[in-house]
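Below is one structure, written out as structure tokens; the observations come after it.
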Amino acid sequence: MGRILKFIEEKGEGKYLCYKTNKISIESSEADVLDYDDKPASTRNTSLIAESNLTRVHTVRVPQMLIDYSRPIFTYFLDGSRHVYKVDDIAIGKKIFPVLAGQIVVGCCERKDRDTFKPYDNIRPKVVIAMPDDFDVDDEGDDFCRLYCEDINEDLQQLPFIKQSGIKVDKILLYKTDKKDKLNSDKDNYKNRGTAKIQAEMTDEEQRLVAKLCEENRLDDEHYLIKDDSLEYNPSFSNKINHIIKCYFQDNSL
């Protein structure tokens with residue numbers, strides 16, 4: 001990240017000042033941990049989780065012959081993961097904001113039979129940077145983020161090991177810096193807003209993969225998808241992908 005932060009300072013020509021503060025993993029800091037669904041289950045009341053309740057009475061028993069000779073209906077398994085790091089603080093005007101970097105991975109495996117699994121799609125890790133919306137001084141929006149990301153990657157390509165490994169910044173995300181929520185001031189801070197943007201990007205990647213499964217007609221009443229967490233649709237997400245997913249499930253609900 002040092003090369004990227006230096007590039008931001010030099011390209012900004014005095015607009016931005018990076019403080020080179022300590023880098024921390026937000027997930028490892030108790031003060032920074034958000035109450036997201038992908039946090040370790042140890043923070044939950046395990047007595048409410050059926051899998052960990054050894055006293056639960058099994059009310060449904062599947063015949064062994066059905067287990068041995070039938071084809072599993074749960075065919076696809078999808079999950080996403082993200083790690084967030086505060087890599088620096090940046091001064092824009094008279095305000096100081098955190099700079100967050102996120103690593104996002106979304107994967108899906110396909111079960112061919114009871115004991116055979118294979119990747120459904122190649123796992124494509126993404127690297128994203130969450131910056132304050134003040135970073136976009138001229139309010140250019142998505143075009144600013146896309147072009148700035150291209151400039152960063154062009155600069156990174158000057159490093160031989162970066163060019164050889166194919167590492168790049170996939171996206172720049174802008175988190176809001178407007179007034180904080182007074183009713184939730186303990187959690188409504190810039191680090192949490194930046195982390196929420198990275199979390200939303202991971203969810204969008206999961207939905208893209210679900211949309212691909214739908215487009216390829218891989219899901220039906222004999223081929224189910226199991227996904228960790230919710231399949232709720234982000235209102236700000238692509239209308240095209242939302243339309244594909246919603247129409248697919250409507251057509252196959254009859």
Side-chain angles (χ1 to χ4, degrees), residues 25-29 32-44 49 74-87 98-110 119-133 136 141-142 145-146 149 168-178 181 184 187-216 218-219 224-250 252:
S25 170
I26 288 183
E27 278 86 353
S28 65
S29 171
D32 291 326
V33 171
L34 300 185
D35 189 19
Y36 285 125
D37 289 337
D38 61 348
K39 292 301 173 187
S42 59
T43 60
R44 301 173 179 169
I49 301 176
F74 297 116
T75 307
Y76 298 97
F77 303 83
L78 184 151
D79 195 13
S81 176
R82 58 109 177 104
H83 291 283
V84 182
Y85 307 87
K86 187 181 85 70
V87 295
V99 178
L100 305 181
Q103 296 174 313
I104 297 173
V105 176
V106 174
C108 181
C109 68
E110 178 183 4
Y120 158 68
D121 197 27
N122 293 330
I123 295 178
R124 295 184 294 272
K126 291 184 67 174
V127 175
V128 298
I129 300 175
M131 302 286 287
D133 55 8
D136 181 9
D142 291 341
C145 293
R146 177 178 54 80
C149 196
K168 66 174 183 176
V169 176
D170 294 278
K171 201 169 187 179
I172 292 178
L173 310 171
L174 301 179
Y175 60 83
K176 296 291 185 180
T177 58
D178 52 8
D181 183 359
N184 195 25
K187 287 190 175 183
D188 187 14
N189 57 56
Y190 294 144
K191 279 188 289 187
N192 287 6
R193 291 183 182 187
T195 301
K197 291 292 291 187
I198 295 172
Q199 173 76 14
E201 184 65 22
M202 185 199 76
T203 303
D204 290 350
E205 285 297 308
E206 291 177 340
Q207 291 183 6
R208 289 186 184 98
L209 199 46
V210 174
K212 183 177 179 181
L213 287 167
C214 295
E215 287 181 314
E216 296 178 357
R218 289 177 175 264
L219 303 178
Y224 279 70
L225 164 70
I226 291 182
K227 179 190 175 298
D228 185 21
D229 197 19
S230 170
L231 271 177
E232 293 180 358
Y233 307 110
N234 183 348
S236 64
F237 191 51
S238 166
N239 290 330
K240 178 181 178 181
I241 293 180
N242 276 340
H243 181 72
I244 290 172
I245 296 175
K246 289 179 179 179
C247 288
Y248 180 85
F249 283 107
Q250 288 172 356
N252 288 273

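We find the CD1-NZ distance between I129 and K171 to be 13.5 Å, quoted to the nearest 0.5 Å. To the nearest 0.5 Å, the span separating CG on D79 from CZ on F77 amounts to 12.0 Å. To the nearest 0.5 angstrom, Q199 atom CD is 12.0 Å from N192 atom CG. Atoms CG and OG1, on L173 and T195 in that order, are 11.0 Å from each other to the nearest 0.5 Å.
Heavy atoms only, all atoms of each residue included: L209 and G107 are closest at CD2-C, 4.2 Å. Closest non-hydrogen pair, D133 versus L174, comes out as CA-CB, 4.1 Å. The heavy-atom pair separating P98 from P132 by the smallest distance is O-CD, 4.2 Å. Between L213 and C108, the closest heavy-atom pair is CD1-SG, 4.4 Å. Nearest approach of G194 to A130, heavy atoms of both residues: O-CB, 3.9 Å. For the pair K191 and L100, the tightest heavy-atom approach, listed with the atom from each and the gap, is O-CD1, 3.4 Å.
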Please step through side chain to side chain contact (heavy atoms under 4.5 Å, CB included) for the pair T75 and E110, ending with a clear verdict.
-> CA-CA 6 Å; T75 307; E110 178 183 4; 4.1 Å; yes
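Residues D178 and R193 are paired through a salt bridge, judged by an N-O separation under 4.0 Å between the basic side chain and the carboxylate. With respect to E205 and R208, a salt bridge is recorded, a charged nitrogen being found less than 4.0 Å from a carboxylate O.
A heavy-atom distance below 4.5 Å is found between the side chains of M202 and V106. In this structure the side chain of V105 never reaches within 4.5 angstrom of the side chain of H83, judged on heavy atoms.
Side-chain atoms of D170 come within 3.5 Å of backbone N or O of V127 as a donor-acceptor pair.
When the ring pair (Phe, Tyr, Trp, His ring centres under 6.0 Å) test is applied to Y76, the partners found at least two apart in sequence or on another chain are Y120. D136 meets the side chain to side chain donor-acceptor pair (under 3.5 Å) test with no other residue; sequence neighbours excluded.
More than 12 heavy atoms of other residues, nucleotides or ligands sit less than 6.0 Å from atom NZ of K126.
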